Peer 1: 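Handing you this structure, nothing more for now.
This is a predicted model, so every value here is computed, not measured.
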Amino acid sequence: MYKVAGVAAVPGTLCLLSGTVFAATKDNPNVTLNTDELSLYTIPQQKFRYVEPEIGHLEQGVTTLRKLAEPYTTWCQGAVGKVMPKVESAIQLGNETFTFLQNPPAEFYPRAGVIGFAGILGLFLARGSRVKKLIYPTGLMAVGYTMYYPQQAASIAKNTGDSLYDFALQGYVNVEKVFKSVEGKPVKKEKPQENKPEETR
């Protein structure tokens with residue numbers, strides 16, 4: 001039994017031993033070589049050519065979808081660019097109003113009550129006509145507001161007047177363009193059709 005174990009152990013121990021192997025040089029023993037000169041490290045030069053991958057059905061569908069959606073996305077970006085400043089100003093106005101209503105001045109609520117009562121009185125006086133229901137409450141509330149807040153009312157009136165003037169001027173320019181385009185077109189005269197008498201048989 002010891003002999004069998006010894007025979008089996010000899011090849012196992014031989015694989016654990018390490019030895020050095022010397023390679024023989026041919027003519028020049030002292031010549032040093034660069035790594036580029038060794039065949040192991042040289043990379044063969046290959047000529048690559050780019051090949052366009054074939055476009056699949058999914059890529060074609062995505063491309064057509066993007067082309068169809070591009071005008072809408074640019075329109076949405078423009079609309080968002082125009083709307084966002086207004087939304088931000090509305091949010092800022094809401095925050096300012098909230099902070100003002102948390103700690104209002106002493107006379108704010110009685111003044112607001114008088115202005116609101118003027119609006120209700122205007123609705124009561126404007127029975128019958130829809131135009132009166134629009135004009136009377138708005139006018140009486142404006143009068144009440146100008147009594148208590150004259151500086152703010154003057155600035156609001158000035159801004160409203162400027163915007164109405166700009167709107168009227170723009171409307172005038174548009175009407176003038178329409179009339180000029182109508183006058184510039186030559187009027188086609190229609191030839192009167194001659195009514196031929198129908199032959200009776």
Side-chain angles (χ1 to χ4, degrees), residues 8-103 130-131 133-134 138 152 155-156 158-193:
V10 170
T13 56
L14 286 177
C15 70
L16 295 176
L17 294 175
S18 64
T20 57
V21 176
F22 296 101
T25 58
K26 292 184 179 178
D27 293 328
N28 298 327
N30 294 331
V31 175
T32 58
L33 297 174
N34 291 332
T35 56
D36 295 335
E37 296 174 356
L38 296 175
S39 63
L40 179 65
Y41 295 103
T42 56
I43 300 171
Q45 292 183 355
Q46 298 177 356
K47 294 182 179 180
F48 295 103
R49 188 169 56 91
Y50 178 73
V51 178
E52 285 282 340
E54 294 182 4
I55 298 174
H57 294 294
L58 180 63
E59 291 179 359
Q60 286 178 352
V62 169
T63 304
T64 55
L65 183 65
R66 286 180 65 186
K67 285 181 181 177
L68 289 174
E70 186 175 1
Y72 300 109
T73 54
T74 54
W75 178 81
C76 288
Q77 288 174 350
V80 166
K82 290 179 182 177
V83 169
M84 280 304 291
K86 295 179 182 178
V87 170
E88 289 173 356
S89 63
I91 290 172
Q92 184 179 3
L93 179 66
N95 289 336
E96 290 174 358
T97 305
F98 180 72
T99 54
F100 178 76
L101 290 176
Q102 280 184 335
N103 191 11
R130 290 184 181 178
V131 177
K133 287 182 181 178
L134 180 66
T138 309
Q152 290 89 347
S155 65
I156 289 172
K158 183 176 182 273
N159 292 335
T160 306
D162 291 342
S163 62
L164 285 175
Y165 176 74
D166 292 339
F167 182 72
L169 189 63
Q170 188 176 11
Y172 176 74
V173 169
N174 290 335
V175 169
E176 188 177 354
K177 284 181 183 177
V178 168
F179 281 123
K180 282 186 179 179
S181 65
V182 169
E183 290 176 2
K185 290 182 181 177
V187 178
K188 294 182 180 178
K189 294 182 180 179
E190 295 182 5
K191 294 180 181 179
Q193 296 179 354

Peer 1: Could you tell me the separation between the CG atom of Leu68 and the OG1 atom of Thr63, rounded to the nearest 0.5 Å?
Peer 2: 11.0 Å
Peer 1: Sequence neighbours left out, what passes side chain to side chain contact (heavy atoms under 4.5 Å, CB included) with Gln60? Give chain and number order.
Peer 2: Ile55, His57
Peer 1: How close do Glu59 and Glu54 get, heavy atom to heavy atom, and via which atoms?
Peer 2: OE1-O, 4.4 Å
Peer 1: If the condition is side chain to side chain contact (heavy atoms under 4.5 Å, CB included), which residues does Thr64 pass it with, not counting sequence neighbours?
Peer 2: none
Peer 1: State the CD1-CE distance between Ile91 and Met84, to the nearest 0.5 angstrom.
Peer 2: 7.0 Å
Peer 1: When rounded to the nearest 0.5 angstrom, what is the spacing between NZ in Lys158 and OG in Ser163?
Peer 2: 11.5 Å
Peer 1: Check this for me: does any side-chain nitrogen of one of Arg66 and Glu70 sit under 4.0 Å from a carboxylate oxygen of the other?
Peer 2: no
Peer 1: What residues form a side chain to side chain contact (heavy atoms under 4.5 Å, CB included) with Ile156, not counting sequence neighbours?
Peer 2: Tyr145, Thr160
